[in-house]
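This report refers to the structure that appears directly beneath it.
All ligand and atom numbering here is 1-based and tracks the order in the structure.
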Amino acid sequence: MARGSSNAYDAHTNPLGMVSLGVAENRLMHDEIAAHINSHLSITKRCLTYGDGSVGSDQLRQSIANFINRTAFHPRKPVEMDHVTVLSGVSSIIDCLAFSLCEAGEGVLLGRPTYVGFISDLVNRAGVKPVLVDFERRSKSVHPMSLEAVECYEIALVESAQNGTPVRALLLCHPHNPFGLCYETEVLEAYLDLCAKYSLHFISDEVYANSIFASTDFPSPPSFTSVLSLDIKKHINPSMVHCLYGMSKDFCSNGIRLGAFVSQDNPNLHAAIRAISKFAWPSSLADAAWCGILTDEAFLQTYLETLSERLSAAYEHCIALLKRHSIPYVPAHAGPFIWIDLSKHLSSHSVEAERELAWKMIKNKVWLATGEAYRSERPGCFRITFAVDKAELELGIQRVVESLS
Ligand SMILES: Cc1ncc(COP(=O)(O)O)c(C=O)c1O
């Protein structure tokens, strides 16, 4: 990330700079969010204090609960303020969860490919081991998001325990990063059953919950099913089920740093996170900015509609460019990125060849997230963020194409 940002492309001031299409940053609604904050946020004396403490103001926690009750999550039982703990980003929440739920050396299941940040969130402080789940190792490969794939999680868990790493949790990214797809309800229920069988915590990272869009690939995209909307009790002790949300993605505000831990039946876990929350204390200014947005009903209504429309338009533009250059991709309906397949341009079917191509692109001043970072089982896959300025996306894809020859 630093490599790109130290020499970031700018059409006017740095046209030879790095076009960054490698970070999941949705830039399509920056103007609207910036304008809302600029016109609504005033720095009160309260913003200069510790406020209500280190896990978000009461007003923010209530506003997040209200937002979850009213939007894509459709919780089965209404979310209340006490079900919500706020820290400085979802990354901080995963770090605190790893520290609170596991001993160092214990494992958390992650299906491949996985959002790269999960690895450092689990490992860096808590010393928790990512237990990667393979789907292509068997005689017949299965789709990582299918019902059949749930069995692969069980195989990985049993093998991991036999090798001395007991598994404590399953961390799912839903909608999926990097595929940009939603899981089906029956698959989510199968995960709950698996977690119940082995006493695992089920953590559903739903940070892209309101970034669902239609396209020519998915004229009627499947609706998103939050874990909060399921009849959890039928499957597992509800104290083992947790949902994560944040401001970074649906609110195009990666830099504001706010994330929410939502768990409706585990006050002890909220207390455990609170005990270490001082190190990820959300800023009172950031808190006030998100509160202002979440309590502005009229703004929210238009905002979420426009977000979805802009994602549709940017996605269409991106897939048109990919098709023009015969680049295969996984059709998506959620999030700001697309998983593309450049394997036919590798000098060999290997991670080394993927690295070689990634370096060629970097030298050609375009940066995509690599399959290797995402622990992809197939060399040659990359994740491209399409929710960026149109001209910049065109230039970025042009630079990718130039790197392929
Ligand atoms: C699935 C997922 N979870 C969490 C994060 C990080 O969230 P935050 O900016 O709130 O730390 C990302 C960022 O790319 C993500 O894709």
Side-chain angles (χ1 to χ4, degrees), residues 1 4-5 20-27 30 33 55-56 60 64 67 72 84-98 108-125 130 144-145 169-183 202-212 224 226-227 242-262 273 277 279-283 286-287 289-290 293 311 332 334-339 367-370 373-376 382-388:
M1 213 183 288
S5 54
S20 169
L21 304 176
V23 188
E25 247 171 12
N26 183 344
R27 302 185 216 153
H30 275 175
I33 293 288
V55 290
L60 180 59
I64 293 171
F67 179 79
V84 181
T85 290
V86 179
L87 296 179
S88 54
V90 170
S91 310
S92 299
I93 289 170
I94 298 170
D95 165 57
C96 287
L97 278 175
V108 170
L109 289 170
L110 294 177
R112 299 172 70 176
T114 176
Y115 158 56
V116 59
F118 284 162
I119 313 270
S120 47
D121 298 346
L122 296 172
V123 173
N124 288 7
R125 186 165 69 116
M145 298 178 69
L170 190 161
L171 174 53
L172 198 74
C173 183
H174 181 213
H176 191 282
N177 176 359
F179 290 158
L181 295 170
C182 293
Y183 284 88
F202 181 72
I203 306 166
S204 184
D205 180 341
E206 303 187 356
V207 78
Y208 299 101
N210 286 290
S211 294
I212 314 290
F224 165 75
S226 167
V227 70
H242 321 294
C243 172
L244 313 182
Y245 191 58
M247 196 182 178
S248 287
K249 311 302 175 178
D250 291 348
F251 291 89
C252 304
S253 299
N254 290 24
I256 292 187
R257 309 306 307 137
L258 288 173
F261 169 68
V262 183
I273 294 178
S277 59
F279 314 115
W281 192 317
S283 143
D287 185 311
W290 202 13
I293 290 170
L311 281 167
F337 38 65
I338 302 179
W339 190 239
W367 178 48
L368 305 187
T370 64
Y374 278 68
R375 308 303 193 265
S376 171
F382 291 79
R383 197 197 66 180
I384 184 165
T385 298
F386 64 81
V388 299

What are the two closest non-hydrogen atoms of [X] and [Y], and how far apart are they?
X    : Y    : answer
P175 : F224 : CD-CE1, 3.6 Å
E25  : T385 : O-CG2, 3.6 Å
P282 : L258 : CB-CD2, 3.5 Å

Heavy-atom distance under 4.5 Å between the side chains of W367 and V23, does that happen here?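 Contact flag for W367/V23 side chains = yes.
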Pairwise side-chain contact, P130 with V123, heavy-atom cut-off 4.5 Å (strictly under):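 They are in contact (side-chain heavy atoms under 4.5 Å apart), so the answer is yes.
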Residue list, side-chain contact (heavy atoms from CB on, under 4.5 Å) with T370, at least two apart or on another chain: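 T370: side-chain contact (heavy atoms from CB on, under 4.5 Å) contacts with E354, A358, E372, A373, F382.
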First-shell residues of ligand 1 [heavy atom, distance under 4.0 Å]: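 These residues qualify: A24, G89, V90, S91, Y115, C173, N177, D205, V207, Y208, S248, K249, R257.
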